[in-house]
Amino acid sequence: MTTATPGVRPSPRPQGGATPPELGADEVAAWGRSGTELIDLLTRARRLGPLSTFQLGQRRIVLVTGPEQVQHILAQHPDRYPKRSHRARVLLGEGVISATGEAWKSQRRLLQSQFTATGIRRYEQRIADAAGRVADRWAEKARSGEPTDVGQDMQFFALDTIWRSLTDRPLDDDTHRELTAVETVVASLPTAAAAPATSPETVTAALEQIDATAYRAIAAAREQHAAGGDGLLRLLLDTARTRPEYTDRLIRDELVTLLVAGHETTAKTLAWLFLLLDRHPGIAEWAAAAGAPGSPVSRKEAVQALISETLRLYPAVWLIPRHAAEDDLVDGYRIEAGTDLLLCPYLTHRDPELWPDPFEFDPTRFLTPGRRPGRPGAYLPFGIGPRACLGQQFALREMAVLLEALLPAYTPAFHRTPAGAVFGANLRPDGPMPARILPRPSAAGQAQNPQGASCRSTN
Ligand code: HEM
């Protein structure tokens with residue numbers, strides 16, 4: 001407890017506190033000359049401790065990787081650390097990811113009910129239909145021996161799933177082609193910059209394409225709506241009747257936000273998962289056999305553990321930026337108003353003080369009590385606090401439905417696999433993933449198409 005000293009005006013700034021340990025300018029310059037990814041600079045800074053700082057051009061950046069510090073910023077004091085001008089605003093407009101303040105609260109409240117564990121049940125059939133499409137494709141590829149690209153199949157699945165949930169229609173080839181423009185824009189987004197630079201021509205053209213597709217979907221949903229259609233867009237259109245802030249522009253922004261947030265991350269996670277299984281055939285066998293008589297884990301448990309461990313090693317959202325709106329003390333260190341902060345789940349998830357054998361792919365750590373850290377803030381693939389992922393339950397469900405159908409039945413035999421990772425707007429494999437689809441010998445005739453009655457989870 002502090003006592004006021006007579007005659008001294010209380011300062012609004014927290015007292016005391018040292019600056020977080022700083023990475024020297026020469027090391028930052030050496031990193032700049034090396035031309036390597038931002039993650040290399042962050043890895044150097046991380047060695048200084050759970051909170052560290054460095055100067056990048058004109059910007060002072062604080063890197064936050066310790067669980068307690070992460071928890072302080074995202075969960076305990078989110079008002080002190082808002083999102084600033086979101087780097088994807090050029091694409092997402094005022095949708096729920098980039099909105100702030102009261103507008104964000106009311107937009108989030110509206111969508112929240114659709115994305116709870118109960119709320120997503122209304123999308124179960126659409127998820128099963130999209131997974132069934134991939135299962136059919138892999139069955140055909142397994143028969144014909146023609147190669148497929150596993151990364152692209154995952155991209156299509158995730159986009160088809162969210163498109164069906166938004167518009168109540170399966171993704172058709174034309175719309176799919178048009179929406180590849182999203183990838184062009186996502187690939188052009190800066191990683192740690194506060195605001196995107198002026199769009200180059202290709203990005204502008206891609207944005208125009210995305211707008212055209214979105215407005216066409218809104219018009220179609222209006223017609224379908226009159227005829228009794230369903231889907232997330234319907235909720236937005238219904239809301240627009242009583243809330244004038246839901247203009248066509250805001251509906252477009254929410255639609256594009258959910259499309260982008262709802263497929264890139266899921267697709268990349270599934271792509272990483274298949275790459276990890278390729279590198280660890282023993283674990284692929286374990287997952288395929290789970291749920292069979294005599295297996296100690298159910299298929300559902302094994303699939304959940306695979307997803308959790310993939311998200312630990314390759315969190316698609318590998319960097320979470322925040323901005324200090326006021327002075328604060330974190331772990332005894334002073335954070336000044338105006339500082340940019342970067343939280344890095346990728347580094348937190350690979351911290352040897354938190355995770356035994358952090359570089360090992362070992363899904364069983366999520367099945368064995370005491371083998372994962374209990375400290376809040378140590379595992380955050382979906383973020384934490386009020387701005388945590390809206391679509392977490394949806395993403396987990398769609399990935400589980402697909403994997404429960406594919407893993408027991410097929411193995412992709414990759415012709416080649418990407419050598420590394422791209423740490424861009426999301427964390428993605430850095431190349432194509434061509435493969436032949438092999439039926440698992442033990443699973444002949446067992447391939448499950450989740451469209452039918454088998455869409456309930458297997459044991
Ligand atoms: C594996 C899949 C996914 C991962 C790893 C993921 C990760 C994240 C993370 C880390 C955040 C928080 C970012 C921050 O704090 O700044 C976030 C926010 C968000 N995610 Fe996801 N996400 C996934 C799938 C989805 C899906 C399927 C949807 C929609 C259907 C979705 C919609 C959103 C939205 C709308 C936000 C913004 C929430 C807000 O600001 O209130 N995400 N996601």
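Atoms within a ligand are numbered from 1 in the order they appear, just like the ligands themselves.
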- Take H349 and Y379 through the ring-ring contact (aromatic ring centres under 6.0 Å, His included) test and state the conclusion after the steps. CA-CA 6 Å; H349 292 177; Y379 184 65; 5.0 Å; yes

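Here W138 and F157 keep their ring centres 6.0 angstrom or further from each other.
Near I320, the atoms of ligand 1 lying under 4.0 angstrom from a non-hydrogen atom of the residue are 14 (C), 15 (O), 16 (O). Contact atoms of ligand 1 toward T269: 1 (C) (distance under 4.0 Å to a heavy atom of the residue). Atoms of ligand 1 found under 4.0 Å from any heavy atom of R322, numbered from 1 in the order shown, are 14 (C), 15 (O), 16 (O). Within ligand 1, counting atoms from 1 as listed, the ones closer than 4.0 Å to a heavy atom of I162 are 30 (C). Heavy-atom proximity to A395, at under 4.0 Å, picks out these atoms of ligand 1: 2 (C), 24 (C), 27 (C). Using a 4.0 Å cut-off to heavy atoms of V96, the atoms of ligand 1 that qualify are 35 (C), 39 (C), 40 (O).
With salt bridges taken as basic N to acidic carboxylate O contacts below 4.0 Å, none links R334 and D328.
Taking only nitrogen or oxygen atoms, main chain and side chain alike, K83 reaches within less than 3.5 Å of ligand 1. At under 3.5 Å, a nitrogen or oxygen of R108, whether backbone or side chain, sits near a nitrogen or oxygen of ligand 1. For ligand 1, the polar-atom distance check finds no N/O of T266 at less than 3.5 Å from any of the ligand's N/O atoms. Residue contacts with ligand 1: E398 is placed with no nitrogen or oxygen under 3.5 Å of a nitrogen or oxygen of the ligand (distance criterion only).
In this comparison of F115, F382, W104, W318, the heavy atom closest to atom 30 (C) of ligand 1 sits on F115. Residue nearest to atom 22 (N) of ligand 1, selected from G391, C389, P386, A316: C389 (by heavy-atom distance). Closest to atom 7 (C) of ligand 1 by heavy atom, among P381, P315, G383, P78, is P381.
Looking at Q392 against ligand 1, nothing comes within 4.0 Å, counting heavy atoms.
Aromatic ring orientation, F394 versus Y123: perpendicular (interplanar angle above 60°, classes split at 30° and 60°).
Looking at T161 and R126, their side chains never bring a donor and an acceptor atom within 3.5 Å of each other. Checking T213 against Q209 by side-chain atom types alone, a donor-acceptor pair falls below 3.5 Å.
The side-chain tip of R350 points at the ring of Y314 from less than 6.0 angstrom away and within 45° of straight on. For the pair R312 and W355, the cation sits on the ring face: its NZ or CZ lies under 6.0 Å from the ring centre, inside 45° of the axis.
F382 is not listed as a side-chain neighbour of T265, based on a closest heavy-atom distance of 4.5 Å or more.
Heavy atoms of Q107 stay at 4.0 angstrom or farther from ligand 1.
In this structure, CE in M399 is found 8.5 Å from OG1 in T310, a value given to the nearest 0.5 Å.
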